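Shown next, in structure tokens, is the structure this report addresses.
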Amino acid sequence: MSANSTVARYVRSLALLVSGFLAATNGLSQGVLEEVFVTAQKRETTLQDEPLAVSAFTGAEIARSGGVDANVLGYIVPNLHVGEETNRDGLSMTIRGVSGTDVRNASDPTTAFHVDGSYVPRLSGPQAYFFDVDRIEVLRGPQGTLYGRNSTAGVVNVITNKPDFDGFSGLAEVATGDYGLYQLNGVLNVPFSDRAAARVAVMSNDRDGYRENAPSEDGDDADDLGVRVHLAFEAGDSTSVLITGERYERGGVGGVASFATFPMDTTGLLTSDPARVNPVDTQGFRDNGDSNFRLHANHGFLNLDLTYQAAFRSHERDFLADADYTAEPSITSFVRETTKSESWTHELRLTSTGDGPFHYIAGIYLLDEEIDGDFRVGLTHFLFGPTFRVRFVDQGLTNESTAAFLHTTYDLSDRLRLTAGLRHTSDEKDKGGDPDDLGMTADTATGSFQTVGIENGPTFFLAPQLANPQWDETTWKLGLDFRVSETSLLYGFASTGFKAGGYNRGSQTRPGAPLVIYNPETVTAYEAGWKMTSGNGRMRINIAGFIYDYRDLQLGQTFTNEAGTITNQTVNASDASVWGLELEAEALIGESGRGVFSLGHLDTEFDEFTGVDDPLMVGSQYLSASGNELTRAPNLTATVMMEPVVWQFESGSLTPRVQFHYETDAYLGVLNRDFEQRDGFTKTDISVFFESAQQNWYAEAYVRNAEDNDVATYMECFDFRQMGVPIQQCERAYAPPRTWGVRVGLRF
């Protein structure tokens, strides 16, 4: 089927869906949808006035969808996938087929994650912010001007609840369920005066593991503790200051991937139910934490807002995991990492607030990050006796980024508006040492280096890890939007995005040589959309179509096996193209019901991708993935949420809810082999929510993943034969199984 006929077919389908929603709400005048306000382009507007594809959810809606971390976004945002790499808490987000799967220290995400507008550089930390949330905004597509750095896939912005000057208030919530679940959330809002207030939020999440890993403790458990403190001040009518401190800790065993052998199991180690049962003989743990401090200051003058944002983040990661994912007595392996990242971000911007036809946001941005890390992989085998170990040490690794940006809009008429933006970014990554010094000596006191040897014994190989690449890129955006009516907006734009390159540890061609550098990725995107609200205000529908042209698309977590040594690399696919369609709709149904529907279609392809190595084979094979689909990019995703009625009683209201999510199959590996394919699946969540007439307490009972489906979210493969063990293996991580629980909250 041709691309043109496919587009026509989906356009017709979308038209039928729009007609169906119109028919469902036609003639019903009771009530209207609440207006949704967003800050997607760093100034407050309504969702229907933003000329780009953005999804927005309130904190209450996230909670009703079961959201305690970023994984919830994969079930409510079209064309978005979330995966997590075991107890490292390495989060990978894929938007419109564009993945950021490499969570190593030298890598960057493709989705720019922000909390209250401040950038989070390590995507092993964002799970920390999903409590006491006001709303979450997801911008799909490259955001190369206002957000800039590493936003080729999109932007996620978590906006937390801020202090209220009007009165003392609070919340206490407790939840319990299967797998020994016990959750606690508490909020206290304290006004000191009509211009000063504080808000304190705490959370605790404790749960047994989903997966049986005996003889080790069960994995995929939870042992989380978080606290956030906001202090807000207003100095007059035009100046405001917000100071925030956060601490979040994650303990327990953490995620444990499941062992599977492909294409055949010759060892008898594969269990009959790897998603639920996977014996491992190395007891793992995680001890990860984040300490964050933020400052947001705003001063208004002369039809302008001057805003300064600063954030300091300290992310610490300490984990131990079984590396062969088996309890095979003849082989014991481990992976251990201790990492500390400290970063400062600063943004100073000037925003016009006048009533004229011309509006702008101009600013400068700075990121300065320093990382110290120690990563070790060890193997004990009956052939070797002592533990064979490969170690990578980072000392003083730095990532720096500076940018200047300008985003403008001009009203060409009372209906037609022009948008133009420009951003210049300079990035530098310093692994340590002088890349021009090709000496054989590693600086083990202050530099970055690699060793191979025996654990607590002699070292056979010692080499410096040298790299200091730099890149400069200018990104832009140009678009038009047309106000068809007060309730209808058409828009279209072209934009570009840029993600910095990097280097692959352990990739030097000889001891003392610089590491192999991979290139930045760039994207040119074209998007057109229509946003419509029905005349009676009971329905809104947003439709977007997009085409991407990628150059040097980065693919992380690509394993190669050279002469018996596994190397984890990020590589550049020469070219890739993506096109797709999205629909989001919300409607009031009958006198009290509500429905939400989203649909995403993707067509992805590596236009040219050669030189791919099969990690299950020793040596370079230079295979081709040209013409294959991108990973984690199902052709179709759909979500339907129905609250068909709200039953009113004298004591309160009762709301039943069903949320159904569907995805077609998708590949988790670039070679698109059968065993690299994740099957299509459905996920149904059912809940009943009661709220008292005074809205001072509530209770909910729920079942998540009622089908109890096993859904793989992450996979990587490698070959242990280089260490004398005949195992071709892949590991997979899985989404949670069926769960149930109840939660009760008290507002005061």
Side-chain angles (χ1 to χ4, degrees), residues 37 39 42-44 59 112-122 125-137 147 155-171 185-203 225-249 289-301 304-316 340-351 353 361 363-370:
F37 290 91
T39 53
K42 301 193 176 181
R43 65 166 79 232
E44 187 175 81
F113 197 99
H114 293 73
V115 179
D116 292 332
S118 295
Y119 179 64
V120 180
R122 294 296 108 200
Q127 306 291 55
Y129 305 107
F130 282 69
F131 64 101
D132 195 31
V133 169
D134 175 54
R135 69 183 184 278
I136 295 178
E137 300 173 2
Y147 290 92
V155 169
V156 174
N157 196 8
V158 177
I159 296 100
T160 64
N161 284 309
K162 305 304 188 299
D164 183 357
F165 301 114
D166 292 336
F168 181 86
S169 62
L171 168 71
N185 288 280
V187 177
L188 191 63
N189 186 88
V190 182
F192 303 122
S193 70
D194 59 354
R195 294 188 179 276
R199 186 180 183 94
V200 180
V202 297
M203 67 80 65
L225 180 64
V227 60
R228 178 186 301 120
V229 179
H230 285 307
L231 297 174
F233 308 92
E234 288 187 352
D237 296 331
S238 58
T239 303
S240 63
V241 177
L242 179 68
I243 301 173
T244 303
E246 291 172 328
R247 176 63 186 172
Y248 188 86
E249 297 177 354
D290 290 84
S291 297
N292 309 303
F293 300 94
R294 300 193 294 275
L295 170 67
H296 184 282
N298 189 83
H299 177 66
F301 64 99
L304 295 169
D305 274 346
L306 179 64
T307 304
Y308 172 63
Q309 287 187 177
F312 171 78
R313 286 186 166 82
S314 176
H315 172 67
E316 299 178 13
K340 184 174 183 178
S341 160
E342 292 187 344
S343 64
W344 278 98
T345 58
H346 304 268
E347 183 172 293
L348 182 68
R349 63 179 183 265
L350 198 62
T351 304
T353 58
I361 302 175
I364 55 176
Y365 174 84
L366 171 66
L367 164 70
D368 188 356
E369 180 185 22
E370 182 171 330

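Model, not experiment: these values are computed from the prediction.
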### Query
Less than 4.0 Å between a side-chain N and a carboxylate O, is that true for E347 and K42?
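Yes, charged N to carboxylate O under 4.0 Å.
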
### Ion pair check, D132 and R199, cut-off under 4.0 Å
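Looking at D132 and R199, the cut-off is met.
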
So, for [X] and [Y], which heavy atoms are closest and what is the spacing to 0.1 Å?
{"X": "Q309", "Y": "G117", "value": "NE2-O, 3.1 Å"}
{"X": "F233", "Y": "A196", "value": "CD2-CB, 4.0 Å"}
{"X": "G245", "Y": "F293", "value": "CA-CD2, 4.0 Å"}
{"X": "P191", "Y": "F165", "value": "CB-O, 3.6 Å"}

### Message
Testing R135, K162, R228 one by one against D116 for a salt bridge (charged side-chain N to carboxylate O under 4.0 Å, His left out), which residue passes?
### Response
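Exactly one candidate clears the test, K162.
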
Hey, does [Y] have a side-chain heavy atom less than 4.5 Å from the side chain of [X]?
{"X": "Y248", "Y": "M203", "value": "yes"}
{"X": "L306", "Y": "F301", "value": "yes"}
{"X": "V187", "Y": "N161", "value": "no"}
{"X": "T345", "Y": "Y365", "value": "yes"}

Return the [atom1] to [atom2] distance between [X] and [Y], rounded to the nearest 0.5 Å.
{"X": "S343", "Y": "L367", "atom1": "OG", "atom2": "CG", "value": "6.5 Å"}
{"X": "R294", "Y": "T244", "atom1": "CZ", "atom2": "OG1", "value": "4.5 Å"}
{"X": "H299", "Y": "T239", "atom1": "NE2", "atom2": "OG1", "value": "4.5 Å"}
{"X": "D305", "Y": "L350", "atom1": "CG", "atom2": "CG", "value": "8.5 Å"}
{"X": "L188", "Y": "F168", "atom1": "CG", "atom2": "CZ", "value": "4.5 Å"}

#### Entry: Check against side-chain contact (heavy atoms from CB on, under 4.5 Å), V158 and V133
CA-CA 7 Å; V158 177; V133 169; 4.0 Å; yes

Distance-only polar pair, side chains of [X] and [Y], donor-acceptor under 3.5 Å:
{"X": "T307", "Y": "N298", "value": "yes"}
{"X": "S291", "Y": "R247", "value": "yes"}
{"X": "D164", "Y": "N189", "value": "no"}
{"X": "Y308", "Y": "H346", "value": "yes"}

Donor-acceptor pair, [X] side chain versus [Y] backbone, under 3.5 Å?
{"X": "T353", "Y": "L304", "result": "yes"}
{"X": "E246", "Y": "V229", "result": "no"}
{"X": "R195", "Y": "G236", "result": "yes"}

### Task
Any chance you could lay out the side-chain contact (heavy atoms from CB on, under 4.5 Å) test for V156 and E137, step after step, and finish with the verdict?
CA-CA 6 Å; V156 174; E137 300 173 2; over 6 Å; no

### Message
Checking side-chain contact (heavy atoms from CB on, under 4.5 Å) between Y129 and each of I136, N292, I159, T160, which is the one that passes?
### Response
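Going through the options one by one, the only one that passes is N292.
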
### Task
Could you check E369 against S341 for side chain to side chain donor-acceptor pair (under 3.5 Å), going step by step and ending with a plain yes or no?
CA-CA 7 Å; E369 180 185 22; S341 160; 2.6 Å; yes

#### Entry: Working for side-chain contact (heavy atoms from CB on, under 4.5 Å), residues R313 and W344
CA-CA 7 Å; R313 286 186 166 82; W344 278 98; over 6 Å; no

